[in-house]
Number of protein chains: 2
Amino acid sequence: MIASADCARPPLTGQPISEAAAAGPARVFKALGDPVRFRLVSLIGARQGGEVCVCDLTSAFDLTQPTISHHLKILRESGLIESERRGTWVYYRLVPGALDRAAALLAVPRV
Amino acid sequence: MIASADCARPPLTGQPISEAAAAGPARVFKALGDPVRFRLVSLIGARQGGEVCVCDLTSAFDLTQPTISHHLKILRESGLIESERRGTWVYYRLVPGALDRAAALLAVPRV
DNA sequence: CCACTGAATCGACATCCGTCGATGAATCGC
DNA sequence: GCGATTCATCGACGGATGTCGATTCAGTGG
């Protein structure tokens with residue numbers, strides 16, 4: 001009530017977004033906000049067949065296997081990718097529609 | 001060269017993304033990856049007229065003015081928003097097309 | 001010229017985060 | 001059952017990050 005009263009602007013249109021509603025999107029974009037993780041998503045998405053085994057992902061970076069595993073976990077917990085174990089190997093793929101839903105969050109309102 | 005040879009998968013299609021090319025997108029998504037900053041973008045984008053003065057943004061959060069200013073700076077440096085001073089107040093608006101370009105980065109290749 | 005208001009910058013601090021080496025769990029082949 | 005391989009988890013460490021109070025800068029109006 002201090003400053004905003006003097007600014008005298010029209011009220012915000014629509015419902016801008018609640019504090020709670022921002023947590024989910026922020027989590028997804030935070031997951032994408034690391035160069036390694038963004039490249040991981042790119043590598044997985046670019047693979048024809050849609051599946052990549054961890055060993056291929058690890059070899060694509062100059063990082064240790066635990067570090068890659070850590071980033072994959074964050075991406076998994078954000079809902080962007082999912083994994084499946086087949087025999088010795090674990091395969092990662094994009095969750096269908098997850099990236100599209102994230103992109104839809106960036107649609108500018110009122111345009 | 002250790003593990004990837006044994007995995008024997010088809011090569012990645014397209015150009016997945018280089019290490020350098022991931023830095024830019026990661027910077028943008030990192031900026032969006034904070035609940036406060038995501039709400040700031042939402043608040044600015046939802047405002048009809050497209051401009052919001054800092055005082056309104058500050059009053060929308062339970063945070064101090066320097067903290068909001070800090071987040072605005074990060075969003076500005078990521079290229080998502082821009083500011084203009086008019087008299088006593090500073091107005092922020094979305095950079096036209098910036099959110100759309102960010103959303104386009106999430107398009108799944110090969111689909 | 002000076003007080004006042006709005007906003008950015010600075011310095012400090014606690015916490016989070018990315019990375020590593022070491023270890024553990026799951027699976028396969030022999 | 002045993003060793004080898006793939007991947008996840010754990011513990012630790014250094015650097016980045018979000019937040020604050022205090023200060024400084026910019027612009028307005030007496």
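Proteins come first, then strands; the chains are lettered A, B, ... in the order of their sequence lines, and each starts at number 1.
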Considering only heavy atoms from C-beta outward, does the side chain of B/R47 approach that of B/C53 to under 4.5 Å?
no
Tell me whether A/R86 forms a cation-pi arrangement with A/Y91, defined as NZ or CZ under 6.0 Å from the six-membered ring centre and within 45 degrees of its axis.
yes
Who passes ring pair (Phe, Tyr, Trp, His ring centres under 6.0 Å) against A/F29, sequence neighbours left out?
B/F29, B/F38
Quickly work out the B/E84 CD to C/dA8 P distance and round it to whole Å.
13 Å
Specify the separation, in whole Å, of atom CZ of A/F29 and atom P of D/dT17.
19 Å
Is the shortest side-chain N/O distance from A/Y91 to OP1 or OP2 of D/dT6 below 4.0 Å?
no
Short heteroatom pairs, N/O only, protein and nucleotides 28-30 of chain D, under 3.5 Å:
none

In whole Å, I'd like the distance from the CZ atom of A/R85 to the C1' atom of C/dA26.
5 Å
So what does B/Y92 touch, heavy atoms closer than 4.0 Å: a base, only the sugar-phosphate, or nothing?
sugar-phosphate
Atom CG of A/L40 and atom P of C/dT19 are separated, to the nearest Å, by 10 Å
Donor-acceptor pairs under 3.5 Å, side chain of residues 61-69 of chain B to any protein atom, not counting sequence neighbours: which ones?
| from | atom 1 | to | atom 2 | distance (Å) |
| --- | --- | --- | --- | --- |
| B/T64 | OG1 | B/T67 | OG1 | 3.1 |

Can you name the residues that form a side-chain contact (heavy atoms from CB on, under 4.5 Å) with B/T88, not counting sequence neighbours?
none
Could you pull out all residues at least two apart from A/A23 that satisfy side-chain contact (heavy atoms from CB on, under 4.5 Å)?
none
Using the salt bridge (charged side-chain N to carboxylate O under 4.0 Å, His left out) criterion, which residues pair with B/R85? Sequence neighbours excluded.
none
Which residues satisfy the side-chain contact (heavy atoms from CB on, under 4.5 Å) test with B/A104, sequence neighbours excluded?
none
What is the separation between atom CG on A/D34 and atom C1' on C/dT19, rounded to the nearest whole Å?
11 Å
Euclidean distance, atom CZ of residue A/R39 to atom P of C/dG18 [Å, nearest integer]:
16 Å
Could you identify which residues of residues 65-77 of chain B place a heavy atom less than 4.0 Å from some atom of DNA chain D, listed by residue number, or say none?
B/P66, B/T67, B/H70, B/H71, B/I74
Phosphate oxygens OP1/OP2 of C/dC17: is one of them under 4.0 Å from a side-chain N or O of A/K30?
yes
What residues, two or more places apart in sequence or in another chain, satisfy side-chain contact (heavy atoms from CB on, under 4.5 Å) together with B/I74?
B/A31, B/R37, B/H70
Please report the distance, rounded to the nearest Å, between CG in B/D62 and C1' in D/dG18.
15 Å
Nearest-angstrom distance from the residue atom CG of A/L63 to P of C/dC17:
18 Å
